[in-house]
Engineer: 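Take a look at this one; I'll ask things after.
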Amino acid sequence: MGFLSFFKKKKSLINDNSFGKEAEFVVESRKKNIGLKSSLMEYAALKKGLEVARASRLLIFVKTKKGMKLPFSQMNGIHSSFVGRDMCNRKQITRKLLKDQGLNVVDSKVFSKKQYQEALKFAYQIGFPVVLKPTTLSRGRGVTTNIKDENEFYNAWRDAISAYRKSRKIKDVLVEKHFNGFDYRVFVIEDRVISVTLRKQANVIGDGTSTVLELIQQKNKERKLNPYLKAYPIPEDKSKLDLLVRQNLKLDYVPKKNEDVILRSASNISAGGDSIDVTDKMHKDFKKLAIRAINSVPGISYAGVDFIAQDITKKPNNTNYIVSEIEFSPAPLAQFPYKGESRDLAGAILDYYLKVYNKN
């Protein structure tokens, strides 16, 4: 058994495949300070009756029926390499790889924190509106979209640099051309699309009587019931709701019935956005593009592909989409969506490894 004998083995008594049981398992794991992705991988293994050894809050070993011990750090296994992660984290490198494979990407360039004037000049060169984002951060931190003039550019630059806080990472900023469309996260394993999630910006829908603040509070109560979304409420501080500010609206504004008020420019779920399952709506050729995108990055067998597209139900062409980035270790958005069908990402990842290593 080796050093794994030091870890407590768990046998599955889980036979219920319902969303509720999975959510219950995640909540109980969180009380033990176990990470969400790691608990989902553990749950997926236990459902199959496999033996699991937990080495840390993020690392587990799953024993296959042939006796091999498969390690998983969060949702990443031995086919998710450091090289692949490094390339995905460096957005400009990823875009070069994507462009070489004939995929649409926007004009962009990386600047250091001391190159503000050069960055502003580039923004004028490619034309407003533009997008600013830190090059090596995740969860939408420091990202500002649809920047329309020099004043907004300055504020966005300041936000991007400050998002690094005390991080030792090089404080570079990516400036890119803004592309109009909706934000989608496609999770791909080798040659299969597992899920497609529409990431809608933080928003509230008017009922004709409630203020924006009251609607935010109501929606945050809904999000607390979701094992993933509960960690990411919509901010109630107006200064963090940049699109509300741009629209010259206040928290006491009362939207009309069914009025959709978009609150933040970043569409990330961690910024209070909605995760909506649209897997069955995506055009088959878009799915082929997502698979090609994953295969363009050496060192990964599965990851999340981020599209901005005008209509994913229609055939993609040279003008109606871009691939914005590839997320090496994506959040399990599709596992606990705000709306739509739940997709078992952890189970699909485990099935992939079991298929590969049960051949041996």
Side-chain angles (χ1 to χ4, degrees), residues 19-20 22-24 26-27 30 36 129 131 139-148 151-152 155-156 159 163 178 180-185 195-279 281 306 308-313 331-343:
F19 182 90
E22 183 178 52
E24 181 182 339
V26 166
V27 170
R30 185 171 290 156
L36 173 62
V131 175
R139 296 181 176 176
R141 288 174 291 176
V143 176
T144 305
T145 65
N146 201 22
I147 301 164
K148 297 177 180 177
N151 182 58
E152 290 184 0
N155 292 331
D159 290 344
H178 178 83
N180 287 319
F182 300 99
D183 190 339
Y184 298 91
R185 164 69 55 79
S195 67
V196 184
T197 302
L198 167 62
R199 300 190 296 181
K200 185 179 179 180
Q201 297 149 296
N203 67 93
V204 292
I205 307 297
D207 60 13
T209 59
S210 303
T211 66
V212 168
L213 178 58
E214 290 169 339
L215 292 169
I216 290 173
Q217 292 169 339
Q218 291 170 21
K219 194 164 189 178
N220 282 340
K221 288 181 180 179
E222 292 179 29
R223 294 173 75 91
K224 284 183 179 180
L225 301 176
N226 185 297
Y228 177 65
L229 299 179
K230 66 185 298 183
Y232 306 111
I234 301 172
E236 297 180 13
D237 181 350
K238 181 184 174 182
S239 66
K240 296 180 180 180
L241 304 174
D242 60 308
L243 287 191
L244 192 69
V245 174
R246 286 193 201 181
Q247 297 171 82
N248 293 317
L249 298 178
K250 296 181 179 180
L251 289 171
D252 61 0
Y253 170 68
V254 178
K256 298 176 183 177
K257 188 175 180 61
N258 296 322
E259 180 181 350
D260 191 356
V261 181
I262 307 299
L263 303 170
R264 308 187 81 178
S265 57
S267 57
N268 300 68
I269 308 307
S270 56
D274 293 344
S275 52
I276 303 170
D277 177 69
V278 291
T279 306
K281 296 180 180 180
D306 289 350
I308 298 177
Q310 293 160 3
D311 187 348
I312 61 161
T313 67
L333 309 180
Q335 204 103 14
F336 300 113
Y338 180 68
K339 290 182 180 178
E341 184 177 343
S342 172
R343 308 288 175 170

Engineer: Distance from Arg223 atom CZ to Tyr228 atom OH, nearest 0.5 Å?
Structural biologist: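 With rounding to 0.5 Å, CZ (Arg223) is 9.0 Å from OH (Tyr228).
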
Engineer: Is the closest side-chain heavy-atom distance between Arg246 and Asn146 below 4.5 Å?
Structural biologist: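 In contact.
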
Engineer: Return the CZ to OH distance between Arg199 and Tyr184, rounded to the nearest 0.5 Å.
Structural biologist: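 The CZ atom of Arg199 sits 12.0 Å away from the OH atom of Tyr184.
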
Engineer: How close do Ile234 and Gly272 get, counting heavy atoms only, and between which atoms?
Structural biologist: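 Shortest heavy-atom contact: CG1-O, 3.5 Å.
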
Engineer: Can you check whether Leu241 reaches Leu251 side chain to side chain, under 4.5 Å on heavy atoms?
Structural biologist: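 In short, these two side chains touch, coming nearer than 4.5 Å.
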
Engineer: May I ask you to decide if Lys240's main-chain N or O and Arg264's side chain share a donor-acceptor pair within less than 3.5 Å?
Structural biologist: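 Such a contact is found between Arg264 side chain and Lys240 backbone.
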
Engineer: With side chain to side chain contact (heavy atoms under 4.5 Å, CB included) as the test, would you mind laying out the steps for Asp207 and Glu214 before giving the verdict?
Structural biologist: CA-CA 11 Å; Asp207 60 13; Glu214 290 169 339; over 6 Å; no

Engineer: Looking at Arg30 and Leu36, would you say the former's side chain and the latter's main chain have a donor-acceptor pair under 3.5 Å?
Structural biologist: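 Side chain of Arg30 to backbone of Leu36: no pair is present.
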
Engineer: Do the numbers put Lys230 on top of the ring of Phe336, so that NZ or CZ is under 6.0 Å from the six-membered ring centre and no more than 45° off the axis?
Structural biologist: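 Not satisfied by the 6.0 Å and 45° rule.
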
Engineer: I need the minimum non-hydrogen distance between Leu263 and Val204, along with the two atoms involved.
Structural biologist: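 Reported closest heavy-atom pair: CD1-CG1, 4.2 Å.
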
Engineer: Flag yes if more than 12 heavy atoms outside Tyr253 fall under 6.0 Å of its OH atom; otherwise flag no.
Structural biologist: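 Result for OH/Tyr253: enclosed.
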
Engineer: Search all heavy atoms of Gln201 against all heavy atoms of Ala266 and return the closest pair with its distance.
Structural biologist: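 Closest approach of Gln201 to Ala266: CG-O, 3.9 Å.
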
Engineer: What closest approach, in Å, do Ser195 and Thr279 show between heavy atoms, and which atom pair accounts for it?
Structural biologist: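 Heavy-atom minimum between the residues: CA-OG1, 3.4 Å.
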
Engineer: Taking it one step at a time, do Ile205 and Lys219 satisfy side chain to side chain contact (heavy atoms under 4.5 Å, CB included)?
Structural biologist: CA-CA 10 Å; Ile205 307 297; Lys219 194 164 189 178; 5.9 Å; no

Engineer: Given Thr145 and His178, is the side chain to side chain contact (heavy atoms under 4.5 Å, CB included) satisfied, shown in steps?
Structural biologist: CA-CA 7 Å; Thr145 65; His178 178 83; 4.1 Å; yes

Engineer: What's the separation between atom CG in Asp252 and atom OG in Ser210, rounded to the nearest 0.5 Å?
Structural biologist: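 Answer for the CG-OG pair, Asp252 versus Ser210, is 13.0 Å.
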
Engineer: Looking at Pro337 and Asn226, what are the two nearest heavy atoms and their distance?
Structural biologist: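 The answer is O-ND2, 3.3 Å.
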
Engineer: Once you round to the nearest 0.5 Å, how far does CG of Leu225 lie from OH of Tyr338?
Structural biologist: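 Leu225 CG to Tyr338 OH: 10.5 Å, rounded to 0.5 Å.
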
Engineer: Say you draw a straight line from CD of Gln218 to CG of Leu213; how long is it, rounded to the nearest 0.5 Å?
Structural biologist: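 It comes to 10.0 Å.
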
Engineer: Assess the side chains of Asn268 and Ser270: does a donor N or O sit below 3.5 Å from an acceptor N or O?
Structural biologist: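 On atom types as modelled, these side chains do not qualify, holding no pair under 3.5 Å.
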
Engineer: With side chains defined as the heavy atoms from C-beta onward, is the minimum distance between Val212 and Leu249 less than 4.5 Å?
Structural biologist: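 No, too far: nothing below the 4.5 Å cut-off.
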
Engineer: Check the pair Asn220 / Glu236 against side chain to side chain contact (heavy atoms under 4.5 Å, CB included), numbers first and verdict last.
Structural biologist: CA-CA 10 Å; Asn220 282 340; Glu236 297 180 13; 3.8 Å; yes

Engineer: Does a sphere of radius 6.0 Å around NZ in Lys238 hold more than 12 heavy atoms from other residues, nucleotides or ligands, not counting ones at 6.0 Å or beyond?
Structural biologist: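 Correct, the count exceeds 12.
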
Engineer: In Å, rounded to the nearest 0.5 Å, how long is the span from CG of Asp260 to CG of Asn203?
Structural biologist: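 These two atoms lie 5.0 Å from each other.
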
Engineer: Mark yes or no for whether Thr197, through its side chain, and Asp277, through its backbone, hold a donor-acceptor pair below 3.5 Å.
Structural biologist: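 No: the side chain of Thr197 does not pair with the backbone of Asp277.
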
Engineer: Between Glu152 and Lys148, which heavy-atom pair has the shortest distance, and what is it?
Structural biologist: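 So the minimum-distance heavy-atom pair works out to OE1-N, 2.9 Å.
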
Engineer: Report the C-alpha distance between Arg185 and Asp306 in whole Å, list the side-chain angles of each, state the deciding distance to 0.1 Å, and finish with yes or no for salt bridge (Lys or Arg N to Asp or Glu O under 4.0 Å).
Structural biologist: CA-CA 5 Å; Arg185 164 69 55 79; Asp306 289 350; 2.4 Å; yes

Engineer: Output, in order, the C-alpha distance, side-chain angles, deciding distance and verdict of salt bridge (Lys or Arg N to Asp or Glu O under 4.0 Å) for Asp274 and Lys339.
Structural biologist: CA-CA 8 Å; Asp274 293 344; Lys339 290 182 180 178; 5.9 Å; no

